[in-house]
Amino acid sequence: MAEKKSVTVTDNRNGNKVDLPILTGTHGPDVFDIRKMYSSLGMFTYDPGFVSTATCSSYITYIDGDEGILLYRGYPIEQLAEKSSYIEVCYLLLNGELPSAIQLATFTANITRHTMVHEGMRRFYSGFRHDAHPMAFMLGSVGAMSSFYHDSTDVTNPRHREISAHRLIAKMPTLAADSYKYSMGLPFNFPKNRLNYSENFLYMMFALPTEEYVVNPVHAKALNSILILHADHEQNASTSSVRLASSSGANPFASVCAGIASLWGPAHGGANEAVIRTLEEIGEAKNIPKFVARAKDKDDDYRLMGFGHRIYKNFDPRAMLIRDACHDLLEDMGDYDDPLFEIALELERIALEDDYFKERKLYPNVDFYSGIIMRAMGIPLNMFTVVFAMARTVGWIAQWMEMMDDPEQRIGRPRQLYVGKAQRDYVPLVDRD
Ligand code: SDX
């Protein structure tokens with residue numbers, strides 16, 4: 001008898017039941033398709049935070065949280081971080097395959113030629129307070145792109161989608177560097193086409209008109225790894241925000257703003273900034289137990305930033321790669337020493353020996369060590385999440401393009417369990433207490 005690949009849900013109150021087909025992917029847990037649940041049983045599913053809910057099928061990224069596996073289009077993150085470049089990973093995430101030499105050269109040239117921003121954007125910046133958080137600057141300037149690039153906002157046009165994708169990937173480093181220069185009251189730099197993606201960002205960030213600036217190759221290599229490791233991560237909060245926003249047909253610039261907004265939160269991409277603030281607050285290794293105790297205290301909502309993950313219940317492979325890159329960078333830099341790195345290593349050691357963290361499978365995540373590397377490169381604390389947003393833009397865009405081509409996708413419109421007041425009649429003011 002053919003295996004019945006379905007789950008049967010029975011409402012025991014009245015015996016109503018429905019068979020829900022089981023769908024199997026390439027890797028990872030099977031899913032059962034609940035789309036006819038409401039029409040069959042008159043009930044919704046309930047899953048705040050989407051702990052057990054697959055919102056789409058995707059070809060792009062796969063995570064195995066128990067095994068600590070992360071694949072971009074099937075390629076292990078360890079191999080890509082060691083052997084690839086961020087621009088090549090962008091091509092891979094967007095197109096599904098590693099590029100040939102010609103394809104890589106063409107794609108790189110295309111991205112390079114879109115790195116400048118409309119000069120009107122730079123006038124637009126002047127409305128920001130100089131001390132605005134750079135993530136607020138990014139929200140405003142990426143959103144403003146939809147007012148400068150009207151020629152590519154027809155999301156039903158594949159060519160418009162492609163040019164918007166290239167513009168966003170190309171211009172994020174320029175906008176990011178501009179946000180930093182603006183906050184410092186320093187002149188903006190124009191991108192240099194002879195530099196690669198990471199080198200160009202560092203140049204635009206740190207070059208001054210008063211002297212020659214030579215990109216530090218060690219920094220550029222470390223940034224390349226950081227960008228690759230942050231490029232995509234399945235249906236995380238910011239990616240899901242981009243998908244939900246663009247499911248209404250909103251243009252990609254506006255939809256990426258939804259991703260930037262979500263990423264800014266300290267529970268998500270804002271954690272890298274919060275980790276450094278925690279390490280600075282700890283100050284010395286002898287203070288670590290006090291902070292670990294606070295993180296364990298149920299009466300204290302304090303959390304150890306950079307620890308824990310919705311999916312990784314083993315090491316976040318990115319955290320391990322970044323920790324190693326941290327070590328290599330600090331070694332390469334020789335005369336540079338960051339006491340926070342030693343505190344981070346000791347905090348990791350102590351936390352991972354603690355039953356509270358072991359029982360809850362709380363391991364360092366991608367944000368735990370990334371700030372140490374960025375500090376070593378001279379990137380200021382309030383720019384850490386901007387770098388994350390810069391790296392994740394290709395993931396947001398790849399997921400957006402996949403959704404736009406997915407025949408199953410429609411406007412996202414979750415339902416709810418209503419627990420408010422039962423229906424009641426209006427009470428005239430005179431009759432109220
Ligand atoms: C990113 O989704 C992604 O893929 C995100 C990301 C990506 O690439 O897009 O990987 C990037 O956002 C990484 C995560 C960065 N955030 C932080 O480092 C902030 C600190 N971590 C947490 O707030 C938390 O771990 C989350 C938000 C990451 C995950 O939250 P969950 O899955 O909802 O887990 P939870 O809050 O239900 O916690 C489970 C238990 C709770 O204890 P109990 O109620 O069971 O007793 O673990 C505890 C939590 O109190 N816990 C922590 C903790 N994280 C979870 N306790 C102390 N410190 C922490 N950091």
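For this chain, numbers begin at 1 and follow the sequence in order. Computed from a predicted model, the values in this text were never measured in an experiment. Note that ligands are numbered from 1 as they come in the structure, with each ligand's atoms numbered from 1 the same way.
Using a distance-only test at 3.5 Å, with no hydrogens or angles considered, a donor-acceptor pair links the side chain of Y182 to the main chain of Y125. Checking side-chain atoms of R375 against main-chain N and O of G371 turns up no donor-acceptor pair under 3.5 Å.
In this structure, atom 57 (C) of ligand 1 lies nearest to the protein heavy atom A295 O, 3.6 Å. Protein heavy atom at the shortest distance from atom 16 (N) of ligand 1 is A267 O, 2.9 Å. Shortest contact from atom 13 (C) of ligand 1 to any protein heavy atom: D367 OD2, 3.4 Å. The single protein non-hydrogen atom nearest to atom 14 (C) of ligand 1 is N365 ND2, 3.5 Å, given as residue, atom name and distance. When only non-hydrogen protein atoms are considered, atom 24 (C) of ligand 1 lies nearest to R303 NH1, 3.5 Å. For atom 2 (O) of ligand 1, the closest non-hydrogen atom on the protein side is N236 CB, 3.4 Å. Among protein heavy atoms, atom 32 (O) of ligand 1 sits closest to R310 NE, 2.7 Å. Residue, atom and distance of the protein heavy atom nearest to atom 28 (C) of ligand 1 are G308 O, 3.6 Å.
For M305, no nitrogen or oxygen atom sits less than 3.5 Å from a nitrogen or oxygen atom of ligand 1, counting backbone and side chain alike. Residue H309 has at least one N or O atom closer than 3.5 Å to an N or O atom of ligand 1.
In the vicinity of G306, heavy-atom distances shorter than 4.0 Å reach the ligand 1 atoms 17 (C), 18 (O). Distances below 4.0 Å separate heavy atoms of A271 from the following atoms of ligand 1: 15 (C), 16 (N), 17 (C), 18 (O).
Put simply, atom 26 (C) of ligand 1 has no protein non-hydrogen atoms near it, under 4.0 Å away. For atom 60 (N) of ligand 1, the nearest protein heavy atom lies under 4.0 Å away. Atom 39 (C) of ligand 1 is not flagged as protein-proximal [any protein heavy atom, distance under 4.0 Å]. Within 4.0 Å of atom 34 (O) of ligand 1, not a single protein heavy atom is present.
Looking at S198 and N196, their side chains never bring a donor and an acceptor atom within 3.5 Å of each other. For the residue pair S164 and S152, a side-chain donor N or O sits within less than 3.5 Å of a side-chain acceptor on the partner. Between the side chains of T55 and R243, no donor N or O sits under 3.5 Å from an acceptor N or O. Using modelled atom types, one finds a donor on one side chain and an acceptor on the other under 3.5 Å when comparing Q103 with S100.
Under a 4.0 angstrom heavy-atom cut-off, P266 registers as being in contact with ligand 1. Using a 4.0 Å heavy-atom cutoff, K298 is listed among the residues neighbouring ligand 1. Remark: distances from the non-hydrogen atoms of E234 to ligand 1 are all 4.0 Å or more. Judged by the shortest distance from any of its heavy atoms, G49 lies outside the 4.0 Å radius around the atoms of ligand 1.
Looking at K171 and D178, no side-chain N of the basic residue comes within less than 4.0 Å of a carboxylate O on the acidic one, giving no salt bridge. Between R161 and D405 a salt bridge is recorded (basic side-chain N to carboxylate O distance below 4.0 Å).
The two residues C257 and G143 make their nearest non-hydrogen contact at SG-N, 3.2 Å. Scanning both residues, D299 and D297, for their nearest heavy atoms gives N-OD1, 2.7 Å. The two residues R310 and G49 make their nearest non-hydrogen contact at NH1-O, 2.8 Å.
A cation-pi geometry, defined here as NZ or CZ lying under 6.0 Å from the six-membered ring centre and within 45° of its normal, holds between R122 and F190.
To the nearest 0.5 Å, the span separating OH on Y312 from CD1 on I69 amounts to 9.5 Å. Rounding to the nearest 0.5 Å places OG of S58 at 11.5 Å from CE of M403.
Residue nearest to atom 47 (O) of ligand 1, selected from R360, R392, K313, Q235: R360 (by heavy-atom distance). Residue Y356 holds the heavy atom nearest to atom 56 (N) of ligand 1 of all those in Y356, Y363, Y302, F307. Considering H268, H230, E359 only, the shortest heavy-atom separation from atom 11 (C) of ligand 1 involves H268.
At a heavy-atom distance under 4.0 Å, only side-chain atoms of L362, from C-beta outward, approach ligand 1.
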